[in-house]
Amino acid sequence: MKKNNIIIISSVIAALLIVVAVTAFLNAGNLEEKKALEQEEMIQVSTGEVILGQIDMGLVERIGPADFAATRDTSDSGPSEHLYTGVLLKNVLEELGIDIRDHDTVIAKAIDGYNVAYEASEVREEDNIYLAIARDGEALGSKSTGGSGPYQIIVRKDAFSQRWCKFVTMLELR
Ligand SMILES: Nc1nc2c(c(=O)[nH]1)N[C@H]1C(S)=C(S)[C@@H](COP(=O)(O)O)O[C@H]1N2
Ligand SMILES: [Mo]
């Protein structure tokens, strides 16, 4: 084989390897970053590019968590009513100095790769989308401890709870 051909083929293989590596990195969806946030019991709030703030337990405590009932309905269990403790997501954003009217959508991103998009208009509703920290009086726990937290988004109007978001570590406002 000509030396030039070997150089061309090697370059193509190298370029493909770089593409594979970059794609794998992007697909990981900042898993390390999400794990660190889970560990520190924090949620990062951003526009996707710019960080707008961070939610921690102190912030939730300052807003004043309250109990509310919601129906959890999973694929392998029937509907069951639970008492969750949390704060309205819109109050959390307000506490961070974020005006939800500047955005159309809030995307919740969880540590297991589950993402849910909420319309800003839903988030603004009075008694619908909550950020919960406890269920039936017990802290939610984390994915590694078999729980659903430390934070979980509860959508009270979602009859089948599939738009709830367990293990949420990031909120992206678009
Ligand atoms: N992070 C995350 N959130 C999630 C899910 C999930 O797989 N991962 N499943 C959804 C679905 S389909 C249901 S019914 C509810 C309740 O799930 P559970 O049975 O694990 O409580 O969580 C929702 N939120
Ligand atoms: Mo579900």
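Every value quoted in this text rests on a predicted model; they were computed, and no experiment measured them. Computed from heavy atoms alone, side chains included, the values below leave out hydrogens, waters and symmetry copies. Remember, it's 1-based here, ligands and their atoms both numbered in the order they're listed.
Between Lys143 and Glu38 no salt bridge is recorded (no basic side-chain N to carboxylate O distance below 4.0 Å). Of the charged side-chain nitrogens involved, none lies within less than 4.0 Å of a carboxylate oxygen, so that Lys90 and Glu125 do not count as a salt-bridged pair. Between Lys109 and Glu33 there is no salt bridge, since no side-chain N of the basic residue sits under 4.0 Å from a carboxylate O of the acidic one.
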Ligand 1 polar-atom proximity to protein (N/O, under 3.5 Å):
residue: ligand 1; atom: 1 (N); partner: Asp112; partner atom: OD1; Å: 3.0
residue: ligand 1; atom: 1 (N); partner: Asp112; partner atom: OD2; Å: 3.3
residue: ligand 1; atom: 1 (N); partner: Lys166; partner atom: O; Å: 3.0
residue: ligand 1; atom: 3 (N); partner: Lys166; partner atom: N; Å: 3.1
residue: ligand 1; atom: 8 (N); partner: Asp112; partner atom: OD2; Å: 2.7
residue: ligand 1; atom: 20 (O); partner: Lys166; partner atom: NZ; Å: 2.3
residue: ligand 1; atom: 21 (O); partner: Arg72; partner atom: NE; Å: 2.9
residue: ligand 1; atom: 21 (O); partner: Arg72; partner atom: NH2; Å: 2.9
residue: ligand 1; atom: 24 (N); partner: Trp164; partner atom: O; Å: 2.7

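Asn128 places a side-chain N or O within 3.5 Å of a backbone atom of Lys157 that can act as its donor or acceptor partner. In this structure, the side chain of Thr74 engages the main chain of Ser77 through a donor-acceptor pair within 3.5 Å.
Here the two rings, on Tyr130 and Tyr84, have centers that are 6.0 Å apart or farther.
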